[in-house]
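Each remark here refers to the structure printed beneath this line.
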Amino acid sequence: MPNDDARPGADDRPTALGDESPARPLPKLPHGCSHAIHAALAALPGPIDRVLLFDELPTWIVTGYEEVKQVLDDDRLIKDWLSLPDGKPPFGGRRYPEDGYAPGVRHLFGLDAPDHTRLRRVTQHAFSARATARWRPLIRAETDRLLDALVARGGGELVGDVFEPLSVRVLCAILGVPDEYRELVREGGATLFGPLSSGDPRYLRVVTDVRSMAMRLLRQCRNAPAGDRRGDDIVTLAATAWRDGTLSASEAVGILFQFIAGNTLNTVSVLANGAVRLMEEPQLAGLLRDNPVLLRPITEELLRLTSATALSTWRFASRPMTIAGTRIDTGDVVLAALDHANHDSAAYPGPDRLLPGRPAPPHQAFGHGRHYCAGAELARAEIQTVLVALTGLLPHMKLAVPAEQLPWSPLSFLQGISAVPVTVAQSGTGRRS
């Protein structure tokens, strides 16, 4: 953990059992440019390396498919820092962008069993594959509406004009959040785990506004007569659980926070990367158009190759332990490199090639184990719907700038293209299915 007496950029502990080498500078993992994280993770010797995040935070990074899977399954690595022996805030009391703890509410990203299990049980059925299927007509209609508008203009910017509005519209419907709050949900998705410091006034404003919105909606639902409650949207489920004592008020608010923060940015990043890949690789669009049965395996390969989640959320060593022969002390920060795991040639021969239906283990784009992404099936539904719609516009839709000039998000844990400007020839308006 960082402290005021530690030498920045150096670590005086052995990096492996029996290694008594002298202190040496720790490598810095790039931040503020998500495009750089893939290469930086690939360059680590592995399978576990100590690096500096945000230029000052000593962190263990675990790479390799099997090693990452083991870390995500290891109950000795905890999410709730209140369970650490000293009970002190993580990161030496500092706050970092994307740390997930700044909102001050209890959510799945920062809890362990049994609390994590209790909170997850409240909403798990709302995001099952079966429950998500009923939202596909809305996803399809909203995708068509947004793309029709883009085609009518002769082009636009896919992230801001299509992917973000689509993801936010669908999320609000599932959450049970009225349309009047749609812009706040979009802003929250871009900010809560975004690049702003938790002390930044812009960050504090969004956190305050999202918390106020969540509490207002939850109280309205909690106090409404049973016959007036809306059903199985997330607000209703959380308010009911708060009312019957299953959740505290902070936990009910936290459930809304976690879905606003975790569901839009991830899906939008995969959609942006996938759209660029479709336009840059016409044979992929043709393969998908001619073989609809390949939609699901192509989606899974795109998730593996273009996953938005480069690094897992924070984990802390609850006791002294050893990972891959390396000593980890109580309170140390440990992160799993999900992007590296998804490109591990030992698990995926020819890891940079898109091979639908390749014989390989499941990717870890959505994590693994008890903290597996709750919104994974919703993300799949949106990605599959958009892929089908985009293939109907190709080859008439093209990038307006070279792919290497596209801007990337200024994040560390998440990686993704932040804007995809395109042009659409009017002759392509009738091609989309």
Side-chain angles (χ1 to χ4, degrees), residues 75 78-83 100-135 138 167-168 170-182 184-185 188-189 192-193 206-264 266 313 366-367 369-379 381:
D75 289 337
I78 62 175
K79 311 274 282 180
D80 187 357
W81 59 265
L82 289 172
S83 298
Y101 294 91
V105 294
R106 288 168 61 81
H107 49 65
L108 293 179
F109 299 129
L111 291 176
D112 306 290
D115 288 336
H116 178 273
T117 307
R118 175 171 53 82
L119 264 68
R120 183 150 184 155
R121 190 177 293 126
V122 170
T123 61
Q124 63 184 5
H125 297 301
F127 286 94
S128 67
R130 183 174 181 177
T132 298
R134 72 185 180 96
W135 295 107
L138 172 63
S167 188
V168 170
V170 174
L171 181 62
C172 284
I174 294 174
L175 292 180
V177 171
D179 287 346
E180 65 192 87
Y181 295 114
R182 201 182 296 179
L184 177 57
V185 170
L192 295 179
F193 280 177
V206 173
V207 168
T208 300
D209 290 349
V210 171
R211 184 186 291 115
S212 297
M213 174 201 71
M215 184 54 72
R216 185 179 304 114
L217 295 175
L218 288 164
R219 280 178 173 153
Q220 289 173 354
C221 187
R222 182 177 187 262
N223 296 331
D228 293 342
R229 294 176 204 157
R230 291 167 288 192
D232 59 356
D233 60 71
I234 302 303
V235 167
T236 300
L237 293 174
T240 301
W242 176 24
R243 186 174 187 174
D244 66 22
T246 302
L247 299 179
S248 67
S250 176
E251 290 168 340
V253 171
I255 282 180
L256 295 186
F257 259 83
Q258 75 200 22
F259 288 119
I260 290 173
N263 272 54
T264 53
N266 284 343
T313 47
F366 295 122
R370 69 174 73 249
H371 289 281
Y372 185 81
C373 176
E377 289 304 319
L378 176 62

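Side chains included, hydrogens not; waters and symmetry mates left out as well; all remaining heavy atoms used. Every value quoted in this text rests on a predicted model; they were computed, and no experiment measured them.
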With a cut-off of 3.5 Å and sequence neighbours excluded, list every side-chain donor-acceptor pair involving residues 170-182.
from, atom 1, to, atom 2, distance (Å)
D179, OD1, R182, NH2, 2.8
D179, OD2, R182, NH2, 3.2
Y181, OH, R216, NH1, 3.1

Can you name the residues that form a salt bridge (Lys or Arg N to Asp or Glu O under 4.0 Å) with D115, not counting sequence neighbours? R106, R118

Partners meeting side chain to side chain contact (heavy atoms under 4.5 Å, CB included) with R219 (sequence neighbours left out): M215, N223, W242

Can you sort out the partners of T208 under side chain to side chain donor-acceptor pair (under 3.5 Å), two or more places apart, ordered by chain and number? none

Which residues share a side chain to side chain contact (heavy atoms under 4.5 Å, CB included) with S167, sequence neighbours left out: T264, T267, V268, E382

Looking at every non-hydrogen atom in both residues, tell me the closest pair between G188 and V206 and how far apart they are. CA-CG1, 3.8 Å

Using the side-chain hydrogen bond (donor to acceptor under 3.5 Å, both in side chains) rule, pick out the option among H371, K79, R370 that qualifies with H116. H371

Those residues at least two apart in sequence (or on a different chain) that pass side chain to side chain contact (heavy atoms under 4.5 Å, CB included) with E377 are A129, T132, R380

Is the backbone of D80 close enough, under 3.5 Å, to the side chain of D112 for a donor and an acceptor to pair up by distance? yes

With S248 via side chain to side chain donor-acceptor pair (under 3.5 Å) - residues at least two apart: E251

Side chains of L218 and L256: does their closest heavy-atom pair fall under 4.5 Å? yes

Are the side chain of T236 and the backbone of D232 linked by a donor-acceptor contact shorter than 3.5 Å? no

For the OG1 atom of T117 and the CG atom of L108, what is their distance to the nearest 0.5 Å? 9.5 Å

Heavy-atom pair with the smallest gap, counting every atom of A131 and A126: CB-O, 3.5 Å

Suppose we screen for side chain to side chain contact (heavy atoms under 4.5 Å, CB included). Which residues come up paired with A133, at least two apart in sequence or across chains? none

In this structure, CD1 of I234 is separated from CG of L217 (nearest 0.5 Å) by 13.0 Å

Parallel, tilted or perpendicular, judged at 30° and 60°: which one describes the rings of Y372 and F366? perpendicular

Measuring from L378:CG to S128:OG, what's the distance to the nearest 0.5 Å? 11.0 Å

Identify the heavy atoms of V122 and T246 that sit nearest to each other, and give their distance. CG2-CG2, 4.2 Å

How far does CG of L247 sit from OG1 of T123, to the nearest 0.5 angstrom? 9.0 Å

Does R130 have any salt bridge (Lys or Arg N to Asp or Glu O under 4.0 Å) partners at least two apart in sequence or in another chain, and if so, which? none

Determine whether a donor-acceptor pair (N or O, by modelled atom type, separation under 3.5 Å) exists between the side chain of Q258 and the backbone of H107. no

